[in-house]
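Report on the following structure.
Computed from a predicted structure; not experimentally measured.
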Amino acid sequence: MSIDVEPMHPLFVAKVTGVELARPVSAADFALLEAAIDRYAVLIFPGQAIDDDQQIAFSARFGPLEGAAKRLLTGAKARILRHEIADVSNLDENDGILSANDRRRLYSLGNQLWHTDASFRAVPARYSLLSARTIPPEGGETEFADLRAAYDALPDSMKARLAGLVAEHSIWHSRGLVAEFEADAAERAALPPVPQMVVRLHPGSQRRTLYLAAHAFRIRGMTDEAGKALLDELTAHATQPRFVYQHRWTVGDLVMWDNRCTMHRGRPYDDQRYRRDMHRTTVRDVASTLDQVTAA
C-alpha cells in the first residue's frame, strides 16, 4: 500500500490515504507525511479506527505533546484520563451530555471562534490532531483558514505595517467573547496573557504567515481600540471564503493541522440533543514566536 496525497482545495488541505495510523508508520512514509503537512497545512486521514494510545503514539512522532487547557478549570472532572488527550466533546465524566450552564460547555463554546490552538501559551502549539469518535447527524463541521495565502494577498503597505508587531493572547479573553464565562483567580494565574508575533516565518515552507486567533486582544505599542480594530481587520481578511475549507466529519476521520499557519473554528450543532465526541492531541512548538524570530 502506497500513500496517496490528494489536494482538496486550491490553496491548502489534502486527503491522505494508503496509511494506517493505528500501526507504526515507516520512516519513509513519515517523511512523506511531514512534507505533506508542510505543503498543505491540513491533512485529512479518513477511515482511521484508532484508540487514544495509538493516537498519542502517532502524534508524539512529531514532537512533545501538551496537556489540555480545559483540565485547568477549577473543579472540572476529566472524562478522559490520559492527560495528552484534549476532550473536545459535549460529554461529562459519566458520558452524559453536559448541561447548558456547565462551565466546561461554556468554555468549549469558544472553539466556535476563529483561533489557533494554544497561542495563549508561551510556547504555542505546532500541530493538532483531532479524531472523530462520535459525530452529530448535522452541524459540528470544522472550518480552516489558510494564513499563508492570506498574508500573501495583503498589499505591501499592510505587510510593512505588520512587520515586527506583537500581540498579546489570552485564553480567558476568547472564552469571554461567546458565553457568560468568567475565569477565577487561580485559572487566570495558571494561564496569564502571553506575547506572540502577528507575522511569523513558517519554517517548513519558508513562507511568511499571519498568526491570528480570537485569543489575541491587544497589540503592543497601539491603543487597545486601534489594536483590536487591526486584529479584526486581519481576521476578516484571512477568513474570506477563498481562504477557507470546511470539513464535514465522518466517524473515523483524523484531521491534522499546522497551527503555525492556519486558523480553525468548530461550527454549531445541537449540543443539548446530539453527542459529539472528538479526541485531540496537540504537539508543542519548539519555542515562543518571539524566540523563533530571535533565533532566525
Side-chain angles (χ1 to χ4, degrees), residues 1-9 12-71 78-91 93 95 108 111 117-118 125-137 140-144 204 245-260 262 264 266 269 274-285:
M1 187 183 301
S2 60
I3 290 180
D4 181 69
V5 180
E6 177 188 354
M8 301 294 289
H9 185 276
F12 71 141
V13 187
K15 180 171 67 175
V16 180
T17 55
V19 61
E20 294 184 35
L21 304 183
R23 300 181 178 182
V25 176
S26 70
D29 284 348
F30 189 76
L32 289 175
L33 297 181
E34 287 188 304
I37 193 67
D38 280 343
R39 164 62 183 86
Y40 293 102
V42 180
L43 299 180
I44 301 164
F45 299 87
Q48 302 293 332
I50 60 174
D51 60 27
D52 287 347
D53 289 341
Q54 292 163 340
Q55 183 173 344
I56 290 169
F58 174 67
S59 303
R61 294 278 298 275
F62 294 94
L65 306 183
E66 66 179 26
K70 190 162 70 171
R71 292 177 180 269
R79 183 177 69 98
I80 299 172
L81 297 182
R82 294 295 300 267
H83 75 276
E84 303 97 331
I85 297 287
D87 182 5
V88 187
S89 79
N90 63 332
L91 306 175
E93 66 277 10
D95 221 29
S108 295
N111 291 331
D117 290 334
R126 184 179 184 185
Y127 302 127
S128 293
L129 299 93
L130 187 60
S131 170
R133 311 296 175 86
T134 304
I135 60 171
E141 303 88 358
T142 301
E143 293 181 337
F144 298 91
Y245 172 84
Q246 183 183 83
H247 181 64
R248 297 182 181 275
W249 291 92
T250 298
V251 170
D253 285 350
L254 184 138
V255 177
M256 175 181 181
W257 62 88
D258 190 332
N259 287 290
R260 300 169 298 179
T262 62
H264 62 282
Y269 67 102
Y274 299 121
R275 298 164 60 89
R276 185 177 187 264
D277 187 12
M278 318 285 280
H279 294 207
R280 193 190 76 217
T281 39
T282 309
V283 181
R284 296 178 74 228
D285 206 350

Check: Within a strict 4.5 Å, meaning less than it, do heavy atoms of the F45 and L33 side chains meet?
Finding: yes
side-chain hydrogen bond (donor to acceptor under 3.5 Å, both in side chains) pairs touching residues 49-58, sequence neighbours excluded, are D52-R133, D52-H279, D53-R82, Q55-R133, Q55-T281
_When you compare the side chain of I44 with that of Y245, does any pair of heavy atoms fall below 4.5 Å?_
yes
Please examine the side chains of L130 and W249, heavy atoms only from C-beta on, and report whether any two atoms are closer than 4.5 Å.
yes
| request: Evaluate the criterion side-chain contact (heavy atoms from CB on, under 4.5 Å) for residue pair F144 and V42; output intermediate values, then yes/no. | output: CA-CA 8 Å; F144 298 91; V42 180; 3.9 Å; yes
Side chains of V5 and I3: does their closest heavy-atom pair fall under 4.5 Å? yes
Worksheet entry | Side-chain donor or acceptor of D253 paired with backbone N/O of T250 under 3.5 Å | yes
Between R280 and the options I85, V255, D87, V88, the side chain to side chain contact (heavy atoms under 4.5 Å, CB included) test singles out V88
Under the 3.5 angstrom rule, does the side chain of D258 hit a backbone N or O of D38 as a donor-acceptor pair?
no
Distance col, row R126:CZ vs E66:CD, nearest 0.5 angstrom, shows 13.0 Å
Contacts of A57 meeting side-chain contact (heavy atoms from CB on, under 4.5 Å) (sequence neighbours excluded), chain-then-number -> none
- prompt: With distance as the sole criterion, is a donor-acceptor pair present between the side chains of D117 and S128 under 3.5 Å?
  reply: yes
If only atom types and distance count, is the side chain of Q48 paired as donor or acceptor with the main-chain N or O of L21 below 3.5 Å? yes
F12 meets the ring-ring contact (aromatic ring centres under 6.0 Å, His included) criterion, sequence neighbours left out, with H9
What one should report as the nearest heavy-atom pair of G140 and Y269 is N-CB, 3.6 Å
Handout entry: Flag, side chain of R275 to backbone of I135, donor-acceptor distance under 3.5 Å
Key = no
For A125 and R260 the tightest heavy-atom approach is O-CG, 4.2 Å
In this structure, are over 12 heavy atoms from other groups packed under 6.0 Å from R23 atom CZ? no
To the nearest 0.5 Å, atom OG1 of T282 lies from atom CD of E84 at 11.0 Å
**Item:** R79 side chain reached by D277 side chain, heavy atoms, under 4.5 Å
**Value:** yes
### Task
Mind telling me whether Y127 and F62 have parallel, tilted or perpendicular rings, with 30° and 60° as the class edges?
perpendicular
Side chain of N90, backbone of R276: donor and acceptor closer than 3.5 Å? yes
What one should report as the nearest heavy-atom pair of E93 and A78 is CB-O, 3.9 Å
| field | pair V25-F58: side-chain heavy atoms closer than 4.5 Å | value | yes
Separation between CG (L254) and OG (S59), nearest 0.5 Å, reads 7.0 Å
H264 side chain near N259 side chain, heavy-atom distance below 4.5 Å
yes
* With the side chain counted from C-beta on, respond yes when V283 and L129 share a heavy-atom pair under 4.5 Å apart, and no when they do not. => yes
Closest non-hydrogen atoms of T262 and A41, given as atom of the first, atom of the second and distance, are CG2-CB, 3.7 Å
Could you walk me through whether L65 and I56 pass the side-chain contact (heavy atoms from CB on, under 4.5 Å) test, one step at a time? CA-CA 8 Å; L65 306 183; I56 290 169; 3.9 Å; yes
- Under the side-chain contact (heavy atoms from CB on, under 4.5 Å) rule, what do E6 and T17 come out as? Steps first, then yes or no, please. CA-CA 8 Å; E6 177 188 354; T17 55; over 6 Å; no
